[in-house]
4 protein chains.
Amino acid sequence: MIADMNQPMPAEPKPRWERRKDARPHELLSAALDLFVDRGYAATRLEDVARRAGVSKGTLYLYFENKQELFKAVVRENIVQVIGRAESDVAAADDVSCSELLRTMLRRWWTDVAATRASGLAKLIMAEAGNFPEIAQFYNDEVIARGHALLSSIVRRGIERGEFAPVDPDVMTRVLTAPVIMLMLWAHSFDPCGSQVEPDVFLDTYLELVRRGMAAG
Amino acid sequence: MIADMNQPMPAEPKPRWERRKDARPHELLSAALDLFVDRGYAATRLEDVARRAGVSKGTLYLYFENKQELFKAVVRENIVQVIGRAESDVAAADDVSCSELLRTMLRRWWTDVAATRASGLAKLIMAEAGNFPEIAQFYNDEVIARGHALLSSIVRRGIERGEFAPVDPDVMTRVLTAPVIMLMLWAHSFDPCGSQVEPDVFLDTYLELVRRGMAAG
Amino acid sequence: MIADMNQPMPAEPKPRWERRKDARPHELLSAALDLFVDRGYAATRLEDVARRAGVSKGTLYLYFENKQELFKAVVRENIVQVIGRAESDVAAADDVSCSELLRTMLRRWWTDVAATRASGLAKLIMAEAGNFPEIAQFYNDEVIARGHALLSSIVRRGIERGEFAPVDPDVMTRVLTAPVIMLMLWAHSFDPCGSQVEPDVFLDTYLELVRRGMAAG
Amino acid sequence: MIADMNQPMPAEPKPRWERRKDARPHELLSAALDLFVDRGYAATRLEDVARRAGVSKGTLYLYFENKQELFKAVVRENIVQVIGRAESDVAAADDVSCSELLRTMLRRWWTDVAATRASGLAKLIMAEAGNFPEIAQFYNDEVIARGHALLSSIVRRGIERGEFAPVDPDVMTRVLTAPVIMLMLWAHSFDPCGSQVEPDVFLDTYLELVRRGMAAG
DNA sequence: AATGAATGAGCTTTCATTCAT
DNA sequence: AATGAATGAAAGCTCATTCAT
């Protein structure tokens, strides 16, 4: 022990793998996202996830209890977090016009989720939720319900303030979200339909429609 | 004797199995459709398909070579057939206005495919095509390509006749199909979004849009 | 009965299939021999046997209790019968020289069994007897033991008569049979070795050897 | 407490499984050889191989991709390796007399392959090659062709040097190999014929014959 | 006598999860 | 903290045998 302490400590002798310790979970989540999006939930093999992250199968279980928890973590890192930030921002943006706020939120949804690899999670959930009820429940509670609540609160506020025409806020929220969901699905379907669509053009057109269509009077 | 008559029908010798050659394929296809739509391709166990059709695992293999062929047969019975009939009708409807013909075809797509259990196959393909290339190929050749060709031929004819404004027929066809595809997906997603949408209202609105939007001049 | 006799008997109205009634078992045995020889016992599917004989799977079970009995019947028709005839002939040939008789018997074995499709049964037995004890027992009792007894009786008789040099008749019988067995195996092995050998030349040489080698003095 | 001490060694925690990476492949190959030889290729169940090696079904697949590869590995370990060594030795033995070299090689074939459990593989191949073309191909390429090439090269060299009478080297090679092959088959046939033969005597006699028969002049 | 639909045990292969090292 | 060997429950598919027609 004493001998050890006297050693010259040559410029942090950390072996390379130790330095990455903190990065591990993120690397695993990134690998998992890629594979879940590519192959779906059931068809993704944890061994592949581990290999892609450069670790062994066993290591994965040090960080995540099981496949389901890994998936939840992926959703949390890639979607729930974005929603959380959005919630704070909306709460803090009482002075901004609702029309403007809605625009901002939809755009952020697009840039931070829909236009990223994470959009594939929507496809996955749609396809496999039925086979994994616990995952469905989780996704519904953490993503769909919160996202819907967030947007509909803006719509509701806009109506109260006379900024928007009076409509059913829940229905309107669904109308607002549908096209973005469609875009996410298109991005991950093999269907040639999707590949032809230019998402940015689609989104701009759509947002303009929203602006006009929702204006009061 | 009299006593016998009162007995609860002595167990109806109930044969170990019943011979129903003609009905079997349809029963199996129906069971398969249910399960494929419900659980997806990979997660559907052939034993469950058989049980739901009231037969044993082995029987299924008397009628379908393997899982893939069973799936193809399901697609053929529920989608390809409809397209086939539509092709004949379009070929025979040279005198009808293209606008009218397009309306009819989209409506038929809705009633004969999208509004039935078969619409779940679209979701399945979108989600799992990547994992089963041969199925993807089959679906693309037999459904997507043929369906697109059929609709775009009408659009093309309408433009040639001056009935429609001159647009790229392929692009327009994709625009025409997207909403119906979306409806099919909604119908099978656990997402509460979709369940709220009233498909008939949606479709009517959409068709009216098409009528106005495509008119020449 | 009388009525029947008076019927006009219009040129034998027998439907075609009925005429073959007696041929059925033989057709099935022939088909079974082909397939057993080609694929082995376990790998031969009864459905294929039936199809090759031009009947249905069920029909096969009208004539043979099960796969094992079918196989036994094949062996009986193609090998046991030959041995039976040989036994009678040997019993009736008390006046023929043993050398001559031996020659005749080995030749007959060659022409009636070894040079026919039936030789493949030897390969099959050698390869699969271990997995089907009842078949092994049957083959041993009906073919090997009887065949050996027959040949060794001739050898024994020859020694008693001073025609053959005094040797252990059982050992000599094994020496006599080995080459013919080898020929049978060669004929059905994929090994190029066998295909090069000209069986008739081989057999002649061998028989000449037997003639000289066994002569007394 | 004292009572406890008398208990029969409290169940030796006996781990559910043991980690023996290095020994496993060999244990599995040995178990597989036993069963393949005993039952043939098709009739050998991988679960039995695993159980005999003291592991579970799944473990086998950690070491061998599938049944076919397991079989190939068995052939490689038990036959191909021997041929490989023989090839090196022949190449290095330019100064030895061909007669001597041939003797050595045939003897080694006997001791290293034919007199071991591996000889049963020859029977297996003969019986089942027809049903498993890929295995037939492999065995032909790796064993038959290489073995034949090796021996015929010695014969050819012997003829060139005037040591052997001029004969067709390929034919002579087949003649040389046939009896050893026969011995291998005998060793694994249930046929009582074979069990009587004393292989060593047989082989000695045979080698003497080769010596005399092939001598030039 | 003939058919062929129906059965179900059996076999190969996959993969989430555990745990000795 | 990290590894990867080991497990065993599925799931797809085959085929000898049965039996209603």
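All chains are named by letter (A, B, ...) in the order of the sequence lines, taking the proteins before the strands, and each is independently numbered beginning at 1.
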Tyr63(B) vs dA6(E): side-chain N/O to OP1/OP2 distance below 4.0 Å: yes
Can you measure Phe64(B) atom CZ to dA6(E) atom C1' for me and round it to whole angstrom units? 15 Å
Heavy-atom nearest pair, Ala32(A) first then Val74(A), reads CB-CG2, 3.7 Å
Sequence neighbours excluded, the answer for side-chain contact (heavy atoms from CB on, under 4.5 Å) partners of Glu65(A) is Glu69(A)
Sorted by number, the residues of residues 42-52 of chain C with heavy-atom contact under 4.0 Å to DNA chain F: Thr44(C), Arg45(C), Leu46(C)
How many angstroms lie between atom CE of Met126(A) and atom CG of Leu124(A), to the nearest 0.5 angstrom? 10.0 Å
Taking only heavy atoms on the protein side, list every residue of residues 68-75 of chain B lying under 4.0 Å from any atom of DNA chain E, sorted numerically. none
Distance-only donor-acceptor pairs under 3.5 Å for side chains of residues 34-44 of chain A, two or more places apart:
{"residue": "Asp34(A)", "atom": "OD1", "partner": "Arg117(A)", "partner atom": "NH1", "Å": "2.2"}
{"residue": "Asp34(A)", "atom": "OD2", "partner": "Arg52(A)", "partner atom": "NH1", "Å": "2.9"}
{"residue": "Asp34(A)", "atom": "OD2", "partner": "Arg117(A)", "partner atom": "NH1", "Å": "3.2"}
{"residue": "Arg39(A)", "atom": "NH1", "partner": "Asp48(A)", "partner atom": "OD2", "Å": "2.8"}
{"residue": "Tyr41(A)", "atom": "OH", "partner": "Gln68(A)", "partner atom": "N", "Å": "3.2"}
{"residue": "Thr44(A)", "atom": "OG1", "partner": "Leu35(A)", "partner atom": "O", "Å": "3.1"}
{"residue": "Thr44(A)", "atom": "OG1", "partner": "Gly40(A)", "partner atom": "O", "Å": "2.6"}

Minimum heavy-atom distance Leu33(B)-Ala118(B), with the two atoms named: CD1-CA, 4.1 Å
Going by salt bridge (Lys or Arg N to Asp or Glu O under 4.0 Å), name the residues that satisfy it together with Glu134(C), two or more places apart in sequence or in a different chain. Lys72(C)
Please tell me which of the listed nucleotides, dT14(E), dC13(F), dT7(F), lies nearest to the side chain of Tyr61(D)? dT14(E)
Leu60(B) or Tyr41(D), whichever maps to the more 5' nucleotide of DNA chain E: Leu60(B)
Using modelled atom types and a 3.5 Å cut-off, is there a donor and acceptor pairing between side-chain atoms of Asn140(C) and backbone atoms of Ala136(C)? no
May I ask you to say what Lys67(D) touches in the nucleic acid, namely base, sugar-phosphate or nothing, with a heavy-atom cut-off under 4.0 Å? sugar-phosphate
I need the CZ-P distance between Phe132(A) and dA16(E), as an integer number of Å. 10 Å
Considering all heavy atoms, the nearest Leu28(A)-Ala50(A) contact: CD2-CA, 4.4 Å
Rounded at 0.5 Å granularity, tell me how far CZ in Phe138(A) sits from CZ in Phe71(A). 8.0 Å
note: Leu62(D), atom CG; dA16(E), atom P; distance rounded to Å ~ 14 Å
Let me know, please, whether Gly54(D) or Gly58(A) comes out on the 5' side of the other along DNA chain F by nearest nucleotide. Gly58(A)
Nucleotide of dT18(E), dA6(E), dT3(E) approaching Ser56(C) most closely (side-chain heavy atoms): dT3(E)
A correct dot-bracket answer for DNA chain E, with pairs being Watson-Crick or G-U at under 3.5 Å, [ ] for crossing pairs and | for inter-strand pairs, is .||||||||||||||||||||
Which residues pass the salt bridge (Lys or Arg N to Asp or Glu O under 4.0 Å) test with Glu142(D), not counting sequence neighbours? Arg146(D)
Is any side-chain heavy atom of Tyr63(D) less than 4.5 Å from a side-chain heavy atom of Leu70(D)? no
Rounded to the nearest 0.5 Å, what separation is found between the NE2 atom of His188(C) and the NZ atom of Lys123(C)? 7.0 Å
How long is the span from the CG atom in Leu29(A) to the CZ atom in Phe64(A), to the nearest 0.5 Å? 4.0 Å
Ordered by number, residues from residues 27-39 of chain B within less than 4.0 Å of DNA chain E (heavy atoms) are none
Regarding dT3(E), can its base be found pairing with the side chain of Lys57(C) as donor and acceptor, where the two atoms are less than 3.5 Å apart? no
Quick one: OG on Ser56(B) to CZ on Arg51(B), what's the gap to the nearest 0.5 Å? 10.5 Å
For dA5(E), does either OP1 or OP2 sit under 4.0 Å from a side-chain N or O belonging to Thr59(B)? no
